[in-house]
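Report on one structure; see the data block that follows.
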Amino acid sequence: MKVAIASDHGGVNIREEIKSLMDEMKIEYEDFGCECGTSVDYPDYALPVAEKVANGEFDKGILICGTGIGMSIAANKVKGIRCALVHDVFSAKATRQHNDTNVLAMGERVIGPGLAREIAAVWLTEEYEGGRHENRVGKIKDYENK
Ligand code: RB5
């Protein structure tokens, strides 16, 4: 599995935490910034990561900003992306099992590094269940392809 990860200035610490988690989990990843001591614009980081997942260059993406909201809104504009903003472990598991999400967004001003690690660990390993969910996810894909 190859993961693309990025954050704005509001998500640098959790980005580093998740990179160290992926090192421990032996998951391949590439860091797309930001290299920021100053304020940057989250779409400049969310959109390239989402495009790399949508075009198959990467299997999954992880995006962190202050709230996770801006990152998730931007990523979900890219066709083929199902990005979930997650701040609890139950949702991390459910959104992989039910929604087959391919991008995870989190907010560093909302949760701490310990919980972010647990969320990412679950989200990175949990499998999509398919079955009854395939029809539902399929309806989203059909809408995108209209
Ligand atoms: C940056 O101040 C902040 O707006 C950003 O990190 C994010 O929370 C946006 O949704």
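Source: prediction; values computed, not measured. In listed order, ligands and their atoms are each counted from 1.
Taking CD1 of I111 as the start and CD1 of I14 as the end, the distance is 5.0 Å to the nearest 0.5 Å. Between K141 atom NZ and K79 atom NZ the span is 12.0 Å, to the nearest 0.5 Å. Rounding to the nearest 0.5 Å places CD1 of I81 at 10.0 Å from CG of L47. Separation of atoms CG (L115) and CG (D88) is listed at 7.5 Å; rounding is to 0.5 Å. Here the CD1-CG distance, from I119 to L21, works out to 11.5 Å after rounding to the nearest 0.5 Å.
The shortest contact between atom 1 (C) of ligand 1 and any protein heavy atom is with H9 NE2, 3.6 Å. When hydrogens are left out, the protein atom nearest atom 2 (O) of ligand 1 is R109 NH1, 3.5 Å; that is the closest non-hydrogen contact. In terms of protein heavy atoms, atom 7 (C) of ligand 1 is closest to C65 SG, 3.3 Å.
Remark: ligand 1 atoms within the under-4.0 Å shell around heavy atoms of G66 are 5 (C), 6 (O), 7 (C), 8 (O).
By the criterion of a heavy-atom distance under 4.0 Å, neither the backbone nor the side chain of M71 is placed next to ligand 1. Under 4.0 Å from ligand 1, the heavy atoms of D8 that appear belong solely to its side chain.
For a threshold of 3.5 Å applied to N or O pairs, the pair formed by T67 and ligand 1 contains at least one separation below that value. In terms of N/O distances under 3.5 Å, ligand 1 is approached by G70.
Not a single heavy atom of E108 lies less than 4.0 angstrom from ligand 1.
Annotation: salt bridge (Lys or Arg N to Asp or Glu O under 4.0 Å) contacts of R82 (sequence neighbours excluded): D100.
For residues 12-68, the ring-ring contact (aromatic ring centres under 6.0 Å, His included) pairs, not counting sequence neighbours, are F32-F58.
Inside a 4.0 Å radius of atom 4 (O) of ligand 1 there is not any protein heavy atom.
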